[in-house]
Amino acid sequence: MSKNLVELMADLREDEALDLIKSQIEDGTNPREILEDCKEAMQIIGDRFEAGEYFLPELMLSGEMINDVMEIIKPHLKDEEEDEKLGTIVLGTVKGDIHDIGKDIVAFMLDINGFEVYDIGVDVSVQEFIDKIEEVDPDIVALSGFLTTVFDKMKDTIDAIKSEGLREDVKIMIGGGPIDDQIREYTGADAFGDDAMEAVAIAKKWMGE
Ligand code: B12
C-alpha cells in the first residue's frame, strides 16, 4: 500500500503518479497493490467532487489518468500462459448513462482474469445489447449503471433478453454505484456486485471455477 501514490493520483498529478507506478513495477511491487491504490484514489476524487472541491474537468481527467495507469500495469497482470478463456462476457453501461470508469475497471479485471470481454461502451441501447448477444453468444451479460434513473433501462434490457428467447442461455450480473440486491430483484438479474473483484468472483463461480 503506497500512500504516496494515492495522494498523487487524488491530486491528479498524473505524470508523477505514472513515473511512480513505473518504478514500483520495476521494483517488483505487486500490480494488484497498485490497483488497490488506484481504487482508493478514485474514491477520494469522488468524495472531493461531491464536496464541491473538484468539478467535471477534474473527473474527466481522472478517467483519462486511470486509463493511462491501466496501459502500464495491464501487461504485468496477465497470466503467464495465454490459456483458454474461462468464458465470454458482454459488458456495457445501459442507455442514458455515460459513466464508464467503473465499467472499464470491471472490463479490465475480467479480462486479466481470463475472460473474453466484449465491452460495448456506454449509453448502450437495449437493441445494441441484443445484437451483441446474438453475435457473440456470451455466457454472461454484465450491465453497469451509476444513476438511479437507469434502473428501468436495466430492467428493460433484461426483459428484452427474455422476450428474445436468450435468457436461458446467459447469466446476468449488474453493478455500479447505487446497485444493491433490491435493484437486482427489480431488474431480474441473477447477481449484483459492488466492485470489479466481485464481478470476477461471480463470473468465475458461474463458469464453475
Ligand atoms: C466520475 C463521475 C461522473 C463523470 C463520469 C466520467 C466517466 N468517464 O465515467 C461525469 C462528470 C461525466 C459524470 C456525469 C454525471 N453524473 Co456522475 N459521478 C461521478 C462520480 C464522482 C464517480 C463515479 C466513478 O466513476 N467512480 C469510480 C468508480 C471506480 O467507483 P466504483 O463505483 O467503486 O466502481 C466499481 C463499481 O461501480 C463496480 N461496477 C461498475 N459497473 C459494474 C458492473 C458490474 C456487472 C459489476 C458486478 C460491478 C460494477 O465495479 C467498479 C470497479 O470496482 C460519482 C460519485 C461517486 N462518488 O460515485 C458521480 C455520480 C454517479 N454522478 C451522478 C450524477 C447525478 C451525474 C450527472 C447526472 C450530473 C449532471 N447533472 O450532469 C451526470 C450524468 C451523465 C450521464 N448521463 O450519465 C450522481 C448519481 C446520483 C444518482 N443516484 O443517480 C453521483 C452518485 C454523484 C452524486 N452524489 O450526486 N459523473
Side-chain angles (χ1 to χ4, degrees), residues 6 9-10 12 32 34-70 77 87-113 115 117-125 129 133 138-155 157-158 161 170-184 186-207:
V6 175
M9 287 187 71
L12 299 169
R32 284 173 205 275
I34 301 176
L35 270 188
E36 278 303 309
D37 285 351
C38 295
K39 202 174 141 189
E40 204 181 319
M42 293 308 295
Q43 185 58 49
I44 296 171
I45 291 168
D47 292 347
R48 287 182 185 172
F49 176 70
E50 283 175 39
E53 292 167 33
Y54 278 175
F55 300 94
L56 295 191
E58 281 86 3
L59 290 182
M60 304 308 290
L61 213 63
S62 72
E64 287 165 24
M65 180 173 64
I66 202 96
N67 284 336
D68 292 341
V69 168
M70 286 178 178
L77 280 158
T88 304
I89 302 179
V90 167
L91 164 72
T93 303
V94 296
K95 190 75 190 161
D97 195 329
I98 60 161
H99 292 87
D100 66 0
I101 301 171
K103 169 189 68 61
D104 288 352
I105 296 175
V106 170
F108 172 73
M109 291 306 291
L110 287 168
D111 177 353
I112 61 170
N113 279 282
F115 290 89
V117 182
Y118 291 91
D119 179 351
I120 55 174
V122 296
D123 198 24
V124 179
S125 69
F129 272 109
I133 294 167
D139 304 292
I140 297 168
V141 176
L143 308 179
S144 182
F146 278 75
L147 302 170
T148 43
T149 48
V150 300
F151 296 160
D152 284 336
K153 270 294 164 245
M154 287 187 158
K155 183 171 165 34
T157 307
I158 295 172
I161 292 172
V170 291
K171 286 284 205 180
I172 303 177
M173 66 166 110
I174 61 173
I179 306 294
D180 59 18
D181 196 53
Q182 215 182 332
I183 309 307
R184 182 206 60 74
Y186 172 70
T187 58
D190 298 305
F192 80 98
D194 280 331
D195 58 33
M197 281 322 293
E198 254 188 84
V200 171
I202 295 165
K204 281 189 168 172
K205 193 179 98 195
W206 283 344
M207 300 313 296

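Atoms within each ligand, like the ligands themselves, are counted from 1 in listed order.
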Any protein heavy atom nearer than 4.0 Å to atom 83 (N) of ligand 1: yes
Taking atom 38 (C) of ligand 1 as the reference point, the nearest protein heavy atom with its distance: Asp194 O, 3.4 Å
Part of Met197 within contact of ligand 1 (heavy atoms, under 4.0 Å): neither
Contact check: Ser144 vs ligand 1, nitrogen or oxygen atoms, below 3.5 angstrom: yes
Numbering as shown, the atoms of ligand 1 that approach Leu143 to under 4.0 Å (heavy-atom distance): 43 (C), 45 (C)
Gln43-ligand 1 polar pair, N/O distance under 3.5 Å: no
Carboxylate-amine/guanidinium proximity below 4.0 Å for Asp119 and Lys103: yes
Pick from Ala189, Gly175, Ala199: the one approaching atom 44 (C) of ligand 1 most closely through a non-hydrogen atom: Gly175
Smallest separation among heavy atoms of Met65 and Met9, with atom names: CE-O, 3.3 Å
Main-chain N/O of Gly92 paired with Ser144 side-chain donor or acceptor, under 3.5 Å: no
Atom 47 (C) of ligand 1 within contact range, any protein heavy atom under 4.0 Å: yes
Atom pair CD1 (Ile174) and CZ (Phe151), whose distance is rounded to the nearest 0.5 Å: 8.0 Å
Pro178, any N or O under 3.5 Å of ligand 1 N or O: no
Heavy-atom nearest neighbour in the protein, as seen from atom 26 (N) of ligand 1, with distance rounded to 0.1 Å: Phe146 CE2, 4.4 Å
Asp97: numbered ligand 1 atoms lying under 4.0 Å from its heavy atoms: 78 (O)
Gap separating the CD atom of Glu58 from the CG atom of Leu56, nearest 0.5 angstrom: 8.5 Å
Reported CG-to-CD1 distance for the pair Leu35 and Ile66, which is rounded to 0.5 angstrom: 7.5 Å
Within reach of ligand 1, part of Ile202 (heavy-atom separation under 4.0 Å): neither
Nearest neighbour in protein (non-hydrogen) for atom 77 (N) of ligand 1: Gly96 O, 3.0 Å
N or O pair under 3.5 Å between Glu50 and ligand 1: yes
Test item: protein heavy atom less than 4.0 Å from atom 15 (C) of ligand 1: yes
Under 3.5 Å: donor-acceptor pair, side chain of Asp111, backbone of Ala107: no
Lys155 backbone acceptor or donor facing Asp152 side chain under 3.5 Å: no
4.0 Å protein heavy-atom contact status of atom 71 (N) of ligand 1, strictly under: no
Atom 30 (O) of ligand 1: any protein heavy atom closer than 4.0 Å: no
Short side-chain to backbone donor-acceptor contact, Asp97 and Gly145, under 3.5 Å: no
Reported CG-to-OH distance for the pair Leu12 and Tyr54, which is rounded to 0.5 angstrom: 4.0 Å
Heavy atom of protein inside 4.0 Å of atom 21 (C) of ligand 1, strictly below: yes
Proximal ligand 1 atoms for Leu56, defined as those under 4.0 Å from one of its heavy atoms: 11 (C)
Per-residue contact class, Leu147 against ligand 1 - non-hydrogen pairs under 4.0 Å: both
Approximate separation, where rounding is to 0.5 Å, of Leu91 CG and Asp104 CG: 8.5 Å
Heavy-atom protein neighbour under 4.0 angstrom from atom 56 (C) of ligand 1: yes
Proximal candidate to atom 8 (N) of ligand 1 [heavy atom criterion; set Ile66, Asp104, Ile101, Asp100]: Asp100
N/O donor-acceptor pair under 3.5 Å between Arg48 side chain and Phe55 backbone: no
Under-4.0 Å heavy-atom contact with ligand 1, by part of Val122 that carries it: neither
Atom 11 (C) of ligand 1 touched by protein heavy atom at under 4.0 Å: yes
Donor-acceptor under 3.5 Å (Arg184 side chain, Ala189 main chain): yes
Of the listed options Val141, Asp123, Ile98, closest to atom 75 (C) of ligand 1 (non-hydrogen atoms): Ile98
Per-atom contacts of ligand 1 with Gly176, taking only distances under 4.0 Å to non-hydrogen atoms: 37 (O), 39 (N), 40 (C), 41 (N), 42 (C), 49 (C)
Location of contacts on Leu59 toward ligand 1, heavy atoms closer than 4.0 Å: side chain
Atoms in ligand 1 flagged as close to Ile105, the criterion being non-hydrogen separation under 4.0 Å: 29 (C), 52 (C)
Gap between atom CD1 of Ile101 and atom SG of Cys38 - 0.5 Å precision: 12.0 Å
Closest contact, heavy atoms only, Ile120 versus Phe129: CD1-CD2, 3.8 Å
Ligand-side contact atoms (ligand 1) for residue partner Gly102, heavy atom cut-off under 4.0 Å: 29 (C), 34 (O), 40 (C), 51 (C), 52 (C)
Atom of Gly193, atom of Glu198 and distance for their closest heavy-atom approach: CA-OE1, 3.7 Å
Nearest protein heavy atom with distance in Å, relative to atom 13 (C) of ligand 1: His99 NE2, 3.4 Å
Donor-acceptor contact below 3.5 Å, side chain Asp123 vs main chain Gly96: yes
Residue Met173 vicinity, atoms of ligand 1 by number, heavy atom under 4.0 Å: 45 (C), 47 (C)
Proximity of Ala196 to ligand 1 by residue part, where a heavy atom lies under 4.0 Å: both
Contact summary for Leu110 and Ala203, nearest pair of heavy atoms: CD2-CB, 4.0 Å
Nearest atoms (heavy-atom pairs only) where Ala191 meets Trp206: CB-CZ2, 3.6 Å
Under 4.0 Å to a heavy atom of Ala142 - the qualifying atoms of ligand 1, by number: 45 (C)
